[in-house]
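Letters A, B, ... mirror the listed sequences (proteins, then strands); counts begin at 1. Excluded from the calculations below are hydrogen atoms, water molecules and symmetry mates; all remaining heavy atoms, backbone and side chain alike, are included. Remember, predicted model here, so these are calculated numbers, not experimental data.
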Amino acid sequence: MQMERTATVRATTYDFDAVEQKWQRVWDEQQLYRVYEDPSKPKYYCLEMFPYPSGKLHMGHVRNYSIGDVVARYKRMRGFNVLHPMGWDAFGLPAENAAIQHNIHPSSWTWDNIDYMRQQLKRLGISYDWSREVASCHPDYYRWTQWLFLQFYKAGLVEKKRAPVNWCPKCQTVLANEQVVDGCCERCDTPVTVRDLEQWFFRITRYAERLLSELDELQGWPDKVKIMQRNWIGKSTGVEIQFPIKGMDEALAVFTTRADTIYGATYMVIAPEHPLVPRLIADSPDRAAIERFIEDVRRQGEIARAAEDAEKLGMFTGSYCVNPFTGEEIPIWIGNYVLMGYGTGAIMAVPAHDQRDLDFARRYGLPVRVVIAPPSGDLPDAATLTVAYAEDGTMVNSGPYTGLPNREGLERIADEVERRGIGRRRVQYRLRDWLISRQRYWGCPIPIVYCDHCGTVPVPEEQLPVVLPEDVSFKPTGQSPLVDKPEFVHTTCPQCGGPARRETDTMDTFVDSSWYFLRFCDPHNTGAAFTKDKVDYWMPVDQYIGGVEHAILHLMYARFFQMVLADLGLVTTPRPFERLLTQGMVLKDGAKMSKSKGNTVDPDHIVRTYGADTARLFILFASPPERDLEWSDAGVEGAYRFLNRVWRLVTDLANELGPLPQGPAPAGRDAAAEELRRVVHRTVKKVTQDIEDRFHFNTAIAAVMELVNAFYQYKESATEKDKAVVAEGLEKLVLLLAPFAPHLAEELWHTLGRGESVHLQPWPSYDPAAVESDTVEIVVQVNGRVRDRLWVAREASEAEVREAALALPKVQEHTAGRRLVRVVVVPGRLVNIVVGQ
RNA sequence: GCGAGAGUGGCGGAAUUGGCAGACGCGCCAGACUUAGGAUCUGGUGCCCUGCGGCGUGGGGGUUCGAGUCCCCCCUCUCGCACCA
């Protein structure tokens, strides 16, 4: 009984575990995916975003790497020299949290995770060249991150400046914007405040215009990502105008995109942090109250201040400006809705034509003056207006400009501003410089030394790396252990040899990930970050694949790096990623998988139960890559069943027919064989197009399933099988399957008696003549409704098709006694007969 | 609010240029094989109707011989941005 059952099981399913592990071992021994620069072959660089080693892979990773592996394997079969590397974005805060909470060193936590996740990736059978593996936390890597920092430094692209930053009072540390959730620290939920601190910045704003304009060159990027970057850079053109301050020689500079509304400016608003504030409020009787107000606003923090329902609050400074166009004295207010970080930190308020200004004006009873009339001519009533008129129109109440279309008036006013020397046209970007300082331990040390004599001194290149000391202990406060690690802090000045102090901040981990794709080109170089030859051979990345959550930060920083490195002559190509695919999320029960929701699916469990090929196939089949994917256990079963079906088909036919011929089959011996042959060739065509043109792996797999169904029909019904057609069909089937189910394909390739790896074979070709059949089915419609079908010769003329259609009894029924209006014939597709009453 | 994307059977999804809506898979139903079937193979399966046939791609209108696909209006959902002057 037991024996029989085992035998039955063996007859219907294959031992995926044995098959997969066997081939993984063989591929590894043969170093099948190892690549070298080979000028004789076209190169293809396929890259998936390297993961943070958080512990174990999640389904999003499995999806990301399955997609990438199809591309890599397909391109390899297409004859490309494919670089497909993997590494670890290994610095970051979770490692420190683990250290604090579980008393594990970030280093051992990270390396343990890497070991585990590498093993998972290998078990999935992803075709990486593992010899190129890098980890950004390894000194061999971060040494070159530091070196690049110094190149940026020399190029004047690094600066240290005071800046308002998010500060968590409980954790005693600065937080990145992305670590602030709803105005609170993501770790301890304490409300975040703003602090002015000396911080290191990359001057990415110098590249704002190029980062923006060169988005147009990125034809292979999704519009969504380009739009997000465009918005993030936030270019706006306007005019900076000086408003003289009454009783001071100083003028208040404002930036406006609506200089045409200057006659409607009835007050000014400056940011609480504005440097002129102390002088402006010096003589105010409310000075103490104003200072209290400013303190309140600052405590609020930038996040809370920018929140949707934030009230617009302000106080009058007691000082006045003169509107240079009207000559009027207008009051200067301090307002929480004006941000120091944008423009000049001061605005001219035009309440009639700006909703924010109108809200503020209504709250504090400030005057409203309409200066733009809508095209309808209905002048808004300044006294009752509740919705500002922000559209274009004709200028009114605007002195000599009255009557002009506002767009024209804007230019003329800008001209006048420049002529009178009270300002100039200006381009303003929302993009801010990239703050790279982090008060954290587990990051790349910033290679800077502070000397009392020489000031800020970069560490000389030959002294790199500045090694992160591992012998440190972690405090529950979260304060970096580097700060009170004397062996690290105390050093000598590289310039004068005197005592000096090391920078204890480390770099934002986005710096590490801004150049890893270059290191993959030359990962073991001990004398340089990379050599230009190798980078020039492999770069740019032909296909980059990852989650859309990196649409702005990582993908913009990487573009910035590549531009700078191209400017410095270190690389040739100015763009890092030629084509970008942003995959959708993996959902369960309609929601993103997360531990807190308890709806995660463990990749290890799936691989153990069904194997890697099943896991990969299901993920690729369930949804096209860009779309979200709904996880389904039943769907996984389906994928598993399909692979077993393929296995049975190939093994059964191989057993039944004995040794099979190789190569193309001539026309089939009978109609059934010929039909099978047609399906085979049609499937090759379809799968090729789906992969090549659209990355629609779900429909490619569906086509292979149809082929397998057709094969079963033939297998079950053909009395005498056409060996040549079957052999050719099985061969192509296995080749088509190779990128999707690499282990099973390899196994079956050998079942078919082939020696070399299936993954070294050329992609199958199809015979265009074999794809076409001699007859085609024509749909026959009457007044757009399908009434019948018709088989005609492929070459049938329009007239023949038309006559045949009109002669059909069912057509006659529906046209009898009615006037024939028109007959539309779409060759090879349909006939539509239009009849009147 | 602004920007982007999506809405198709019981479910995941397909329909590449305006030309058979629902490929393929899941689920369900039936048959075959079987001591047995939660294995396998085969067939069926959008909805309504006994049938002829009618209806059907979020809703409403339009263009067209013909619309899931193009145009206009509206609704819902997802994502991104959000006082950017």
(message) Using the salt bridge (charged side-chain N to carboxylate O under 4.0 Å, His left out) criterion, which residues pair with A:R579? Sequence neighbours excluded.
(response) none
Measuring only the [atom1] atom in each nucleotide, how far is [N] from [M]? A whole number of Å is fine.
N	M	atom1	value
B:rG27	B:rG9	C1'	12 Å
B:rG59	B:rC55	P	15 Å
B:rA36	B:rG43	C1'	23 Å

(request) For B:rG5, decide between syn and anti, treating a glycosidic angle within 90° of 0 as syn. (result) anti
Counting only side-chain nitrogens and oxygens, does [X] get under 4.0 Å of the OP1 or OP2 atom of [N]?
X	N	answer
A:R641	B:rC26	yes
A:Q355	B:rA85	no
A:R430	B:rC81	no
A:R230	B:rG3	no

(message) Ring-plane angle category for A:W333 and A:Y364, please: parallel below 30°, perpendicular beyond 60°, tilted otherwise.
(response) tilted
(request) Could you label the plane-to-plane angle of the A:F360 and A:Y337 rings as parallel, tilted or perpendicular, counting under 30° as parallel and over 60° as perpendicular? (result) tilted
(request) Identify which nucleotide among B:rG3, B:rC65, B:rC24 has an atom closest to any side-chain atom of A:V834, counting heavy atoms from C-beta outward. (result) B:rC65
(request) Choose from B:rG53, B:rU42, B:rC24 the nucleotide whose nearest atom is closest to any side-chain atom of A:Y712. (result) B:rU42
(request) Sorted by first residue and then second, give each salt bridge (charged side-chain N to carboxylate O under 4.0 Å, His left out) pair with at least one member in residues 820-834 of chain A; sequence neighbours left out. (result) none
Nearest whole Å is fine: how far is [N] [atom2] from [X] [atom1]?
X	N	atom1	atom2	value
A:R425	B:rA85	CZ	C1'	18 Å
A:E637	B:rG25	CD	P	15 Å
A:K224	B:rG3	NZ	P	15 Å
A:R645	B:rC26	CZ	C1'	14 Å
A:F711	B:rC41	CZ	P	15 Å
A:L313	B:rC83	CG	P	15 Å
A:N783	B:rC65	CG	P	11 Å
A:M228	B:rG3	CE	C1'	10 Å

(message) Quick check on RNA chain B: between A:S632 and A:N231, whose nearest nucleotide comes earlier from the 5' end?
(response) A:N231
(message) Closest-nucleotide mapping onto RNA chain B: is A:M585 or A:E706 further toward the 5' terminus? I mean the 5' end.
(response) A:E706
(message) If the threshold is 4.0 Å, N to carboxylate O, is there a salt bridge linking A:R678 and A:E675?
(response) yes
(request) Indicate for each nucleotide in nucleotides 12-20 of chain B, in 5' to 3' sequence, whether protein heavy atoms under 4.0 Å reach the base (B), only the sugar-phosphate (S), or nothing (-). (result) BSSSB--BB
(request) Do nucleotides 46-52 of chain B as a string where each nucleotide becomes B, S or -: B if the base has a protein heavy atom under 4.0 Å, S if just the sugar-phosphate does, - if no protein is that close. (result) -------
(request) Quick one: list whatever passes ring-ring contact (aromatic ring centres under 6.0 Å, His included) with A:W631, sequence neighbours left out. (result) A:F618
(message) Side chains of A:R559 and A:L211, heavy atoms from C-beta outward: is any pair under 4.5 Å?
(response) yes
(message) Counting the atoms with a prime plus P, OP1 and OP2 as sugar-phosphate, which does A:T256 contact under 4.0 Å by heavy atoms, base, sugar-phosphate, or nothing?
(response) sugar-phosphate
(message) Using a 4.0 Å heavy-atom cut-off, does A:T344 contact any base of the nucleic acid, only the sugar-phosphate backbone, or nothing at all?
(response) nothing
(message) Please give the stem ranges for RNA chain B, sorted by first residue number, where a stem is three or more consecutive Watson-Crick or G-U pairs and both donor-acceptor distances are under 3.5 Å.
(response) B:1-7 with B:75-81, B:10-12 with B:24-26, B:27-32 with B:40-45, B:46-48 with B:53-55, B:58-62 with B:70-74
